[in-house]
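Worksheet: the structure to be examined is printed underneath.
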Amino acid sequence: MSKSPRIPPDLCSGCGVCSLICPKNAIRFRVFTNGYIRPLLDSSNCINCYLCEKVCPFLEEPNSLMSRGLYGNKENALIGKYLKVVLAWSTNKYVRFMGSSGGVITSLLIYLLRKRHVDAVVVPKLHVINGRVFGVYEVVTDPAKLIEYSGSIYAPIFGVHKALKEVSLRKYKIAIVALPCLIRGLRNAMRFNPRLRNSIRYVFGVYCYNTPSASATEYVMNTFLNNVSNVNHVRFRGFGWPGYLIIRTVNGRSFRIKYQEYSDSGFGQYFYDYSCFMCNDQTAELADISFADPWTYQVDIGLGKTLVVIRTAEGWRVFSEAVEEGYIEYRELPSFIYAVQFTTLLKKTLRGFTLLSKHEVTRGNYVLPPSISTIVHEIDYRVGHFLASNKRLWNLLRMYVELKPYVYLPLIALDYKLKTRWTQILMKIVSTWKIGK
């Protein structure tokens, strides 16, 4: 008897590529009560082709792409291969104001559509569904509508399989904006699906710390807005940098919370699953171009700028054309160090309790050893995640967020005092950053 394909639910990021590649449509996705989107396998339709395993970003590693000359000739173990690291911003002030950082992704997509380099772009858009917030992938052909898709999405995202199947039927050439896990899955899938390979012209990646569950936004509304109800609009970023969370209700009430306030409340630290915690690709290493907030270069409030890591020759070509056409401005940064963020180091560090894990994670290119700081981070995540996973414990979670610095900071200080390899690397990188310049 053949073995059913492995779909490990606690290592699944919900990217959706397994559903896209399945020849029998035997995999569908469902929102579970904990706010995560996970696959369900219909074993009666499964033919044991194992394509779902072969494309899963956590079960397979698309290293062959790195060796085929697709990516730049510069390489660093923390950010992968690249050609250039630049700081960029949209020349359209409204696009820049509404974007998460500098509006560069939106301007680049507008350029691609207007110049007919692509027939459509595939991007997620925020929706409130049954009172919960999700991102849903959509196919966009009108550049004037792309401003509606700008800004970050800190919620589960689904629908990429439907959007890409529509693209395939219409024989569109597309650009897609995606998180690192989805990009890895797509790069795997493109090896097995020629139509998909021919459709996707450009892959734009977004730096990712984690994907919060749908419960994360509920927690924020519970914490800051006293459980406001009848919400019909949510926007996580925009309105300057670093931006605001905007929430509106059906009766016209509007609320605004500063990004740093809600992000540091536990929302950004604990409402993500084990798959995100184990991921070691923050910087979207398999994208044509990666985009991020410029935390390592700019901290002043106002119109944002975008940190851009250009990885492929095709990525550089289209980026430089958009610059020549006046859509984007940029300046080149002198070192790859600016593309390395604190989270990048955490993601590339071997987890302290990995050997105790029941899973064998094939994507294990962790390049830094554990330290006191990273073990403290893991303990912090596990405690906070446990509290975040049960609404009845959210009051305890808020108390924990307030008290944890008094517990963990002395341990982290010891790490620096001992001058462990991890802290030495961190301090060397931090000393290079030009914060606020």
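Under the side-chain hydrogen bond (donor to acceptor under 3.5 Å, both in side chains) criterion, Ser44 pairs with Asp42, not counting sequence neighbours. Listed by chain and number, the residues in a salt bridge (charged side-chain N to carboxylate O under 4.0 Å, His left out) with Glu325 are Lys115 (sequence neighbours excluded). Applying the side-chain hydrogen bond (donor to acceptor under 3.5 Å, both in side chains) criterion to Glu314, with sequence neighbours excluded, gives Tyr202, Arg317. Residues meeting the side-chain contact (heavy atoms from CB on, under 4.5 Å) test with Thr283, sequence neighbours left out: Ile79, Tyr207, Asp281, Glu285, Arg311, Thr344. Ser150 pairs by the side-chain hydrogen bond (donor to acceptor under 3.5 Å, both in side chains) definition with Arg235, not counting sequence neighbours. Under the salt bridge (charged side-chain N to carboxylate O under 4.0 Å, His left out) criterion, Asp380 pairs with Lys404, sequence neighbours left out. Shown here are the side-chain contact (heavy atoms from CB on, under 4.5 Å) partners of Val401, two or more places apart in sequence or in another chain: Tyr270, Leu397. Arg38 is linked by a salt bridge (charged side-chain N to carboxylate O under 4.0 Å, His left out) to Asp273, counting only residues two or more places apart in sequence or in another chain. Residues meeting the salt bridge (charged side-chain N to carboxylate O under 4.0 Å, His left out) test with Arg28, sequence neighbours left out: none. Under the rule for a side-chain hydrogen bond (donor to acceptor under 3.5 Å, both in side chains), the partners of Asn222 that lie at least two apart in sequence or sit in another chain are Asn227, Arg398. Residues satisfying the ring pair (Phe, Tyr, Trp, His ring centres under 6.0 Å) test with Tyr209, not counting sequence neighbours, are Tyr272.
Ion pair Glu166/Arg170 flagged as a salt bridge, since at least one NZ, NE, NH1 or NH2 atom sits closer than 4.0 Å to an Asp/Glu carboxylate oxygen. Using a 4.0 Å cut-off between charged nitrogen and carboxylate oxygen, Arg114 and Asp142 do not count as a salt-bridge pair.
Under 3.5 Å, the side chains of Asn210 and Lys347 contain no donor-acceptor pair of N or O atoms. Counted by atom type alone, Thr249 and Asn230 present zero donor-acceptor pairs between their side chains at under 3.5 Å.
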Name the atoms and distances for all side-chain donor-acceptor pairs under 3.5 Å in residues 121-133, with sequence neighbours left out.
residue	atom	partner	partner atom	Å
Lys125	NZ	Glu148	OE1	3.2
His127	NE2	Glu138	OE2	2.8
Arg132	NE	Glu218	OE2	2.8
Arg132	NH2	Ser215	OG	3.2
Arg132	NH2	Glu218	OE2	3.2

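Separation of the Tyr244 and Phe239 ring centroids does not fall under the 6.0 Å cut-off. In this structure, the ring of Phe319 has its center less than 6.0 angstrom from the ring center of Tyr330. Tyr219 and Phe267 have their aromatic ring centers separated by at least 6.0 angstrom.
By the 30° and 60° cut-offs, the orientation of the rings of Tyr381 relative to Phe277 is parallel. The aromatic rings of Tyr327 and Tyr111 lie perpendicular to each other, with more than 60° between the two planes, well past the 30° mark. Aromatic ring orientation, Tyr82 versus Phe336: tilted (interplanar angle from 30° to 60°).
Ile247 has its side chain within reach of Leu245: a pair of non-hydrogen atoms, C-beta onward, lies under 4.5 Å apart. The closest side-chain heavy-atom distance from Asn188 to Val17 is not below 4.5 Å.
Within a 6.0 Å sphere centred on NZ of Lys165, heavy atoms belonging to other residues, nucleotides or ligands number more than 12. Few gaps surround CZ on Phe192; more than 12 heavy atoms of other groups in view lie less than 6.0 Å from it.
Here the closest non-hydrogen pair linking Gly35 and Pro156 is O-CG, 3.3 Å.
The only member of Trp89, Trp295, Tyr259 that meets ring-ring contact (aromatic ring centres under 6.0 Å, His included) when paired with Trp241 is Trp295.
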